[in-house]
Amino acid sequence: MAKGPIHLPVHASDHSPERGSARRSWPLVVLGLLATAAVMSSWPVGVNQLSSKVNLHSFKGISEMRKGTCEQAEPILPDGINVTKVWEDKEIIIKRLQEAIRIPTQMYDEMGPVDEDPRWKIFAEFHDFLERTFPNVYEHAKVTKTDWALVYEIEGSDSSLKPLMLTAHQDVVPVLPETVNQWTHDPFSGDYDGTSIHGRGSSDTKSSLIAVMSALEHLFGTTDFKPRRPIILAFGSDEERGGQTGAPAIAKYLLEKYGKNSMSLLIDEGNGLVETWGQQFATPAVAEKGHVDIGLTVSTLGGHSSVPPPHTAIGLISLLIAQLEAHPHEPTISAKSPVYEFMTCAATFAESMPAKLKKLVIKAEKGSKKAWKDLPLEIISTGMDGSSHGSGQGDPLRSLLTTTQAVDIINGGLKVNALPESVKAIINHRINVLSNHVELQSRIETLLLPIAETYNLTLNGFDGTTVFSGSPNSKVDLDLAFGYFTDPAPHSPVTLDDPAWNVLAGTSRGVWASRKEVSEDGKIVELQKGKDLVMAPFMSTGNTDTRRYLDLTPNIYRYRYTPMSGGAGAHTINEYSNADDLIEFTRFYQAIILNMDQSEEVA
């Protein structure tokens, strides 16, 4: 994922499984206190029965919520192919991820052009690894390389069907040399201890890439599968610096060849499976916050530090930053918020949902203005009750309901006896789904104006115009630090009348109801109430390459069919992922490929 907060916070205090498995439980508490509980029993169905819906009226409290709230798709598996046979390749799939981790495709914020900066060349080694490891995929796919990104196009027999698009990224967050001795396993060893696979990219997100490729490699190698629907795999090369090169190149290629709204379904990295209140939930991110990095520069005259002014440039920028941090964005929610949709699922299904929170959701659904006003803080206070926070991070639920600001970089001053002439800070913002970058920029100018007036600083706004005319020798300039922004992504469809969502939801529930822990033959079994998987829309705190793919389809889901408790350490030390989860992830991808191929309802 891109720099900054990731889908669910993981932090340096997380340890490998053998060093502290109890420490990994906190993401469950965080999301769990927002999640739903009980769902109807599941019955085996075929892929052609996609319009079926679970009867909600057996649930207590359903009369208090509007009809159709959080309807669940019937579990489905592909006809004719038992996807559980993927487990026969367990050791092979684990070895593939190990080898992928050993190729350090590290991505830095300040990368030079793809044809000049030598740090890009490691991707050639990774491409060779993929071609050597997945011969069946390369035999069936047309492979296009563009700015070190990869596009695989597998033709379908029915050209009228829109392709299924599955994405991941090849790059990983760099490992700081100073932290290597804090890793239990070498960060690029790919060590497998019999339970987990360790190393940078094991969780974020080479595991996704290996699962997708392994699903197809097994399918082509063990069956006579000939797809009706085209399949496109797209693997970006620099997602961890905001997808500035790889994903845009992929989007340009696909838009020129296939056009806008040409994909039937797009699945990328994102939220996963969460167990809480005695129930498992799938929590795909159906929206994404915006992202902008704001540059704040203070320029003053220099001189010898033995005769300083009352405030140096560093002192002045500190006052400006303190002004912003003293006025954090308020949490907000509306009926369009995925967090609210998640809460309506909880109010519909969860028998043990905290009573006060459930009552507020029901009142909000009925139009109570007071309930809407009180709901954000109630979600935050209830949701975080009893949970731990990362040593360096804030409240993840508050982050989901607001625009966040984080002063991540500051530079200024060259010598201890010389007054600094220019000081710059870069402030990372993840924009609330109910806001946009224009509102954010206006708010920043308004907040900084009183400081500029008090200290007679000329304040130049984002569009270059002067917000306040102060001293010509002391000025504040606001800009986009890296020259770009992304506003919040559109909300993806989440109702059963949308065929693509129906297939995604039904496949998730089908894979859950046929896993080896409950099914001896890989077929869907009836599960007791509360033991099934509830599909509940949610969102992420961070951003993905999907922001570059918005013109390709409205059906974008940031979703990993893996338990959130099965991995940790993304963007920090001791990254790992559970090996069995990797195989189930592969099984899910094979099921979604086949179910989408067999669907008669998805365009």
Side-chain angles (χ1 to χ4, degrees), residues 1-2 100 105 107 114 120 123 126-127 129-131 133-134 137-138 140-156 161-172 201 204-217 227 229-270 284-285 288 486 489 492 500 504 543-561 585-586 588-590 592-593 596-597:
M1 290 171 289
T105 50
M107 182 52 51
V114 293
W120 289 99
F123 287 92
F126 192 72
H127 294 177
F129 154 74
L130 292 176
E131 185 168 2
T133 305
F134 299 101
V137 175
Y138 274 77
H140 287 80
K142 174 189 174 185
V143 183
T144 301
K145 302 179 182 180
T146 173
D147 289 341
W148 297 108
L150 293 169
V151 178
Y152 298 76
E153 297 170 89
I154 300 172
E155 291 186 359
L161 295 176
K162 293 182 178 181
L164 166 66
M165 185 171 173
L166 304 174
T167 68
H169 58 87
Q170 310 165 64
D171 58 307
V172 299
D204 183 15
T205 183
K206 285 183 175 177
S207 52
S208 298
L209 190 155
I210 294 300
V212 170
M213 294 290 279
S214 294
L216 281 168
E217 184 71 12
R229 182 183 301 277
I231 302 167
I232 292 177
L233 313 181
F235 303 144
S237 53
D238 66 337
E239 194 274 348
E240 297 296 0
R241 66 165 190 157
Q244 299 177 45
T245 299
I250 291 171
K252 182 176 184 294
Y253 174 80
L254 294 177
L255 285 169
E256 288 178 353
K257 183 168 183 178
Y258 295 92
K260 288 188 176 182
N261 195 24
S262 54
M263 303 294 140
S264 59
L265 171 66
L266 191 160
I267 304 173
D268 194 19
E269 61 173 328
E288 189 169 271
T486 51
S492 302
L504 177 65
N543 298 102
T544 65
D545 273 344
T546 58
R547 62 178 133 174
R548 313 299 182 191
Y549 306 143
L550 299 180
D551 286 338
L552 288 169
T553 177
N555 291 94
I556 295 177
Y557 304 98
R558 303 149 190 92
Y559 176 48
R560 287 167 52 89
Y561 183 89
F585 199 11
T586 304
F588 164 78
Y589 272 125
Q590 193 169 103
I592 194 70
I593 289 167
M596 285 292 291
D597 197 70

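- With L150 as the partner, the side chain to side chain contact (heavy atoms under 4.5 Å, CB included) test is satisfied by one option alone out of I250, L130, L209, T144: L130.
- A distance of 10.5 Å separates CG of L255 from CG of N261, quoted to the nearest 0.5 Å.
- For Y559 and F588, the ring centers are positioned less than 6.0 Å apart.
- Among all heavy-atom pairs drawn from I154 and A141, the shortest one is CG1-CB, 3.7 Å.
- Between G246 and A149 the shortest heavy-atom distance is O-CB, 3.7 Å.
- Between S264 and N555, the shortest heavy-atom contact is O-CB, 3.7 Å.
- Side-chain atoms of H169 and D204 include a donor-acceptor pair closer than 3.5 Å.
- Residues T553 and K162 have side chains that never bring a donor and an acceptor to within less than 3.5 angstrom of each other.
- Ring pair F126/F123: centre-to-centre distance not below 6.0 Å.
- Listed here is the closest heavy atom pair of R558 and S492: NH1-OG, 4.4 Å.
- Looking at heavy atoms from C-beta onward, I593 lies in side-chain contact with L166 at the 4.5 angstrom threshold.
- The CG atom of D238 sits 5.0 Å away from atom CE of M107, with the distance rounded to the nearest 0.5 Å.
- Q590 contributes a side-chain N or O that, together with a main-chain N or O of A215, makes up a donor-acceptor pair within less than 3.5 Å.
- Of all heavy-atom pairs spanning P163 and S262, the tightest one is CD-O, 3.1 Å.
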query: Between M165 and L552, is a side chain to side chain contact (heavy atoms under 4.5 Å, CB included) present by the stated rule, with each step listed?
result: CA-CA 10 Å; M165 185 171 173; L552 288 169; 3.9 Å; yes
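- At distances below 3.5 Å, at least one donor-acceptor pair connects side-chain atoms of S237 with backbone N or O atoms of D147.
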- prompt: Taking it one step at a time, do D545 and R548 satisfy salt bridge (Lys or Arg N to Asp or Glu O under 4.0 Å)?
  reply: CA-CA 6 Å; D545 273 344; R548 313 299 182 191; 5.6 Å; no
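- Atom NZ of K260 has 12 or fewer neighbouring heavy atoms from other residues, nucleotides or ligands inside a 6.0 Å radius.
- A distance of 9.0 Å separates OG1 in T586 from CD1 in I210, rounded to the nearest 0.5 Å.
- A heavy-atom distance below 4.5 Å is not found between the side chains of F134 and H140.
- Put simply, CG on L266 and CG on L504 are 11.0 Å apart, with the number rounded to the nearest 0.5 Å.
- For A489 against L550, the heavy-atom pair with the smallest separation is CB-CD2, 4.0 Å.
- Interatomic distance, OG1 of T167 versus CD1 of I556, reported as 8.5 Å (0.5 Å rounding).
- By the 30° and 60° cut-offs, the orientation of the rings of H127 relative to W148 is tilted.
- Contact check for T105 versus K206: side-chain heavy atoms found under the 4.5 Å cut-off.
- Under the 6.0 Å cut-off for aromatic ring centres, Y589 and Y561 do not qualify, their centroids lying 6.0 Å or more apart.
- In this structure, CD on E239 lies 8.5 Å from OG1 on T205, to the nearest 0.5 angstrom.
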